[in-house]
Amino acid sequence: MNSPVPDWTGDTGALRAEQEALARQVRLRDDFRKPLRTVAGFDVGFEDDGATTRAAAVLLDADSLAVLDQQVARLPTRMPYVPGLLSFRELPALLAALALLPTAPDLALVDGQGIAHPRRLGVAAHFGVISGLPSIGVAKSVLVGAPRMALHDMRGAFTPLRDDREQIGWLLRSKPGCLPLVVSPGHRVAMPSAPELVMRFTTRYRLPEPTRLADRLASRRDPGAGDD
DNA sequence: GCGACAG
DNA sequence: ATCTTGTCGC
C-alpha cells in the first residue's frame, strides 16, 4: 500500500487530475470479510496552529465494539485546507496512523466524504484506494449534492444524496433530533451497504463509535490519557 | 460575475 | 479544523 501524496506547489489542477485517475480505481461492490471481525475509525486534528497534523486510528471489535487498540500519528502539515482537495492534506497522517495499528481493520470508517465528492474521491475513498482497505466516508456536512427527499426524524432513517441524477451517498439520521450524517461508500463497499454498516456501529451518539472515538483522540479530547 | 465550499 | 460559556431541548 504505497503511493505518496504529491508535494503542494499550489497547482490544484494537477491534484484534481490525480483524483480523477484514482477515482477510476474505486470499487463500489461489497468486498470485505464477512462477518466483520474488526472495524477502525480514522480522523484528523491539528496542533500548533495547524503546523502539526495529528491523525488518530481506533481499532474496535466489530461485534462488541470493545477498543482493541488506538494510535496517534503526528506529521508536519504540508498543505492548507482547500475544499475538494482535503485528502491530500490529511492522507499522509491517516496512513501513518493506520501503519501503527497492530493489524489492519476489516473495514475503515473515515471522517469525511467517500465518493460524495466533486470528482468522486473524498478522503475516505482516497484512503481506501491507497490502503486497499474497504472504507466508508462519514461526514458531518454536505460537500456536494442534495438530499432527494425529506428525512424522517427517526433513528436509522436515510435518504439518497444526489448530484444531478447520480446517487453519491446518503443522509443518515444516526440520532433523533440531530443533524444527519453524510454517509458514502469509500472503496470496496456497495452503496446500499454504507448506511447499514454505519448504523451497526452507532450506539447512543450521533457519530458511530469508531469515528467518535477517533475524533476525540485526534482532537485531544481523550478522557483519560493525555497524548499518544 | 456571484455564491458554495468535507475538515 | 480551531477559538470558547452558557444555554436550549429531548
Side-chain angles (χ1 to χ4, degrees), chain A residues 5 8 12 15-16 18-19 22-23 26 41-57 72-97 108-130 135-147 152-157 161-164 168-187 194 198 203-208 210-222:
Chain A
V5 163
W8 173 241
T12 58
L15 298 184
R16 288 168 197 284
E18 170 81 0
Q19 294 182 320
L22 290 170
V26 168
F42 296 83
D43 189 30
V44 169
F46 297 87
E47 302 175 9
D48 316 318
D49 281 305
T52 300
T53 298
R54 174 185 173 111
V72 172
R74 313 159 99 185
L75 279 69
T77 302
R78 300 186 195 177
M79 192 191 139
Y81 166 67
V82 180
L85 299 179
L86 174 73
S87 63
F88 293 107
R89 171 175 161 88
E90 305 191 338
L91 199 58
L94 289 172
L95 294 175
L109 261 46
V110 183
D111 188 298
Q113 314 295 345
I115 61 167
H117 175 279
R119 290 166 294 287
R120 308 296 179 257
L121 193 83
V123 62
H126 197 161
F127 177 91
V129 168
I130 298 301
S135 67
I136 294 176
V138 181
K140 294 180 282 298
S141 63
V142 174
L143 206 209
V144 289
H152 293 195
D153 188 35
M154 191 182 96
R155 184 192 136 93
L161 174 70
R162 289 179 172 181
D163 187 19
D164 289 316
I168 57 177
W170 307 87
L171 246 52
L172 172 66
R173 187 79 69 186
S174 55
K175 177 178 180 177
C178 285
L179 290 173
L181 294 178
V182 183
V183 174
S184 59
H187 184 53
V198 171
T203 59
R204 60 182 302 191
Y205 305 95
R206 177 160 88 121
L207 299 178
T211 289
R212 190 178 74 81
L213 297 175
D215 234 354
R216 306 195 328 183
L217 238 194
S219 301
R220 327 170 112 240
R221 277 298 180 196
D222 197 9

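By convention in this document, chain letters (A, B, ...) are assigned in the order of the sequence lines, proteins followed by strands, and residues within each chain are numbered from 1.
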Quiz item: For A:L85, which contact category applies under a 4.0 Å heavy-atom criterion: base, sugar-phosphate, or nothing?
Solution: base

Practice problem: Determine if A:Y81 stacks with C:dA1; use a centre-to-centre distance below 5.5 Å and an interplanar angle below 30° as the criteria. | Solution: no

Quiz item: Looking for any heavy atom pair under 4.0 Å, which part of the strands does A:D111 touch: base, sugar-phosphate only, or nothing?
Solution: sugar-phosphate

Quiz item: Between A:R221 and A:D215, does at least one N-O distance fall below 4.0 Å, as a salt bridge requires?
Solution: no

Self-check item: Spacing between A:D48 atom CG and C:dA1 atom P, to the nearest angstrom
Solution: 17 Å

Practice problem: Could you state the atom-to-atom distance from CZ of A:R54 to C1' of B:dG7 in whole Å? | Solution: 16 Å

Quiz item: Quick one: A:H126 NE2 to B:dA6 C1', roughly how many Å, whole number?
Solution: 15 Å

Practice problem: Round to a whole Å and report the spacing from CZ of A:F127 to P of B:dA6. | Solution: 21 Å

Quiz prompt | Heavy-atom check, side chain of A:L179 versus side chain of A:R206, under 4.5 Å | solution = yes

Quiz item: When we call it a touch if two heavy atoms are under 4.0 Å apart, what does A:G45 touch: a base, just sugar-phosphate, or nothing?
Solution: sugar-phosphate

Quiz item: In whole Å, what is the span from the CG atom of A:D43 to the P atom of B:dA6?
Solution: 15 Å

Quiz item: Which atom names give the shortest non-hydrogen contact between A:R16 and A:L85, and what distance separates them?
Solution: CG-CD2, 4.3 Å

Quiz item: Taking atom C1' of C:dG9 as reference, at what distance in whole Å does atom CG of A:D153 sit?
Solution: 12 Å

Exercise. May I ask you to say what A:V123 touches in the nucleic acid, namely base, sugar-phosphate or nothing, with a heavy-atom cut-off under 4.0 Å?
Key: base

Quiz item: Does A:K140 reach the side chain of A:L207, with side-chain heavy atoms less than 4.5 Å apart?
Solution: yes

Quiz item: Would you say the ring centroid of A:H126 lies under 6.0 angstrom from that of A:F88?
Solution: yes

Practice problem: Calculate the interatomic distance between A:R119 atom CZ and B:dC5 atom C1'; express it in whole Å. | Solution: 12 Å

Quiz item: Could you give the CZ-to-P distance, from A:R74 to C:dA1, as a whole number of Å?
Solution: 18 Å

Quiz item: Counting only side-chain N and O atoms of A:K140, is one of them less than 4.0 Å from OP1 or OP2 of C:dA1?
Solution: yes

Quiz item: Do the side-chain N or O atoms of A:S141 get closer than 4.0 angstrom to the phosphate oxygens (OP1, OP2) of B:dG7?
Solution: yes

Exercise. Using a 4.0 Å heavy-atom cut-off across all strands, classify A:G137 as base, sugar-phosphate, or nothing.
Key: nothing

